[in-house]
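Here is the structure we will look at, set down as structure tokens.
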Amino acid sequence: MMSWGFLFLALLALCSRAYANTEIKHFRPARQTPEELLVSQAERSALVSTLVPSMMTSLAGPYTTIEFETISYQQNINSENKERWYCLSNLVQGKSYELRVSYAATTPSDFELTLFSFSELMAHFGKPLDLEMDPAAQKRLEGSETTHSTTTTVMYARIRALYTGFSAVPGMENQAVPYMLTLEKHVMGLPVQALWLVAVLLVVVPASIYIVSPWILSICDGLIAEEKREALRKSD
């Protein structure tokens with residue numbers, strides 16, 4: 001019983017900075033299509049900059065966090081900051097990642113996270129990829145076939161916020177919503193930054209079971225034995 005108490009206290013201390021609400025999108029970057037491989041990264045950046053209505057912030061794997069961002073609710077007709085776009089770079093194809101939005105419970109919000117590959121982004125804006133393959137592009141494609149297992153790719157994220165419920169603050173639906181955004185790679189099914197928590201638990205749990213609990217029990221046994229001896233002396 002005592003071991004679970006120590007475990008609870010450890011978890012409480014480690015999670016003291018947690019935000020109230022969190023929306024998480026798990027994903028695995030897919031292998032790039034032949035059409036995507038024909039477009040260089042510089043060409044992609046130029047194309048995307050002409051399509052995305054706002055400046056795109058970049059988050060790079062395996063771990064990047066942006067402490068403070070703001071967005072307006074979709075219901076706010078007076079704001080142009082109603083969707084935010086992000087470039088997710090240095091993503092290893094086939095590996096597991098999560099994109100996480102954290103925000104305060106005092107803001108009655110639902111966050112919508114949508115991910116796009118480059119070709120999906122082009123199709124979303126009505127610019128589907130339809131490229132002819134010249135010899136140079138064919139060579140680039142053949143080279144990528146042999147190195148695809150370690151090839152990194154880029155994806156794009158769109159974030160929107162919907163005003164839900166009611167708030168005691170007047171005009172809350174017209175205020176900007178602050179949030180924190182994190183891109184994180186998984187290792188053995190866990191976020192990279194959670195591995196140190198697992199390491200701590202691997203130390204705390206066995207220590208509490210095999211060292212702390214027996215020590216406390218021995219003290220309790222000694223106190224009980226002393227009480228019994230005291231009771232026997234009084235009875236004599």
Open item on the list: Please report the interatomic distance NZ(Lys82) to CD(Glu80), rounded to the nearest 0.5 Å.
Closed with: 9.0 Å
- [ ] Starting from the C-alpha separation in whole Å, work towards a yes-or-no answer on side-chain hydrogen bond (donor to acceptor under 3.5 Å, both in side chains) for Ser119 and Glu36.
- [x] CA-CA 6 Å; Ser119 58; Glu36 290 175 324; 3.1 Å; yes
Task: Interatomic distance, Tyr179 atom OH to Thr22 atom OG1 [nearest 0.5 angstrom] - done: 14.0 Å
- [ ] Would you check if the side chain of Ser79 reaches a backbone N or O of Asn76 as a donor-acceptor pair within less than 3.5 Å?
- [x] no
TODO: Could you tell me whether His26 and Tyr97 have their ring centroids closer than 6.0 angstrom?
DONE: no
Open item on the list: One thing to verify: whether Arg84 and Glu69 come together as a salt bridge, which I'm taking to mean a side-chain N less than 4.0 angstrom from a carboxylate O.
Closed with: yes
Open item on the list: Is the shortest side-chain heavy-atom distance between Phe27 and Leu91 below 4.5 Å?
Closed with: yes
Task: Tyr103 side-chain N/O to Pro108 backbone N/O, donor-acceptor pair under 3.5 Å - done: no
Open item on the list: For the backbone of Leu162 and the side chain of Asp110, can you confirm whether one donor and one acceptor N or O come within less than 3.5 Å of each other?
Closed with: no
- [ ] Flag the pair Leu99 / Ile24 as yes when at least one side-chain heavy-atom distance between them is below 4.5 Å, and no otherwise.
- [x] no
Open item on the list: Can you classify the ring geometry of Phe125 versus Trp85 as parallel (below 30°), tilted (30 to 60°) or perpendicular (above 60°)?
Closed with: tilted
- [ ] For residues Leu115 and Met155, report the shortest heavy-atom separation together with the two atoms involved.
- [x] CB-CE, 4.2 Å
Task: Side chains of Leu183 and Tyr63 in contact at under 4.5 Å (non-hydrogen atoms) - done: no
Open item on the list: Tell me if the aromatic rings of Tyr163 and Tyr73 count as close, with their centers under 6.0 Å from one another.
Closed with: yes
Open item on the list: Counting C-beta onward and ignoring hydrogens, is there a side-chain heavy-atom pair between Thr70 and Asn81 closer than 4.5 Å?
Closed with: yes
Task: ring-ring contact (aromatic ring centres under 6.0 Å, His included) involving Tyr156 - partner list, sequence neighbours excluded - done: none
TODO: Could you check if a side-chain atom of Leu51 sits within less than 4.5 angstrom of a side-chain atom of Leu121, using non-hydrogen atoms only?
DONE: no
TODO: Measure from the side-chain N and O atoms of Glu226 to the backbone N and O of Leu223, and report whether any donor-acceptor pair falls under 3.5 Å.
DONE: no
Task: Test: Arg100 and Glu184 ion pair at under 4.0 Å - done: yes
Open item on the list: With a 3.5 Å distance limit and no angle check, can you tell me whether Asn90 reaches the backbone of Thr152 through a side-chain donor-acceptor pair?
Closed with: no
Open item on the list: What's the separation between atom CZ in Arg31 and atom OG in Ser117, rounded to the nearest 0.5 Å?
Closed with: 14.5 Å
Task: Check: Val48 main-chain N/O paired with Thr50 side-chain donor or acceptor under 3.5 Å - done: no
TODO: Write down the atom of Asn21, the atom of Ala105, and the distance for their closest heavy-atom approach.
DONE: ND2-CA, 3.5 Å
TODO: Go through Glu112 and Gln74 one step at a time and tell me if the side-chain contact (heavy atoms from CB on, under 4.5 Å) criterion holds.
DONE: CA-CA 11 Å; Glu112 177 187 277; Gln74 291 293 300; over 6 Å; no
- [ ] Could you walk me through whether Cys87 and Leu59 pass the side-chain contact (heavy atoms from CB on, under 4.5 Å) test, one step at a time?
- [x] CA-CA 6 Å; Cys87 176; Leu59 293 89; over 6 Å; no
Task: Option passing side-chain hydrogen bond (donor to acceptor under 3.5 Å, both in side chains) with Glu98 (candidates Lys25, Lys185, His186) - done: His186
- [ ] With the side chain counted from C-beta on, respond yes when Leu181 and Tyr86 share a heavy-atom pair under 4.5 Å apart, and no when they do not.
- [x] yes
Task: Ala161 versus Ile71, closest heavy-atom pair with distance - done: CB-CG2, 3.8 Å
Open item on the list: Using side-chain heavy atoms (C-beta onward) and a distance below 4.5 Å, is Thr65 in contact with Met180?
Closed with: yes
Open item on the list: Just so I know, are the side chains of Val101 and Leu113 near enough to count as touching, which here means a heavy-atom distance under 4.5 Å?
Closed with: yes
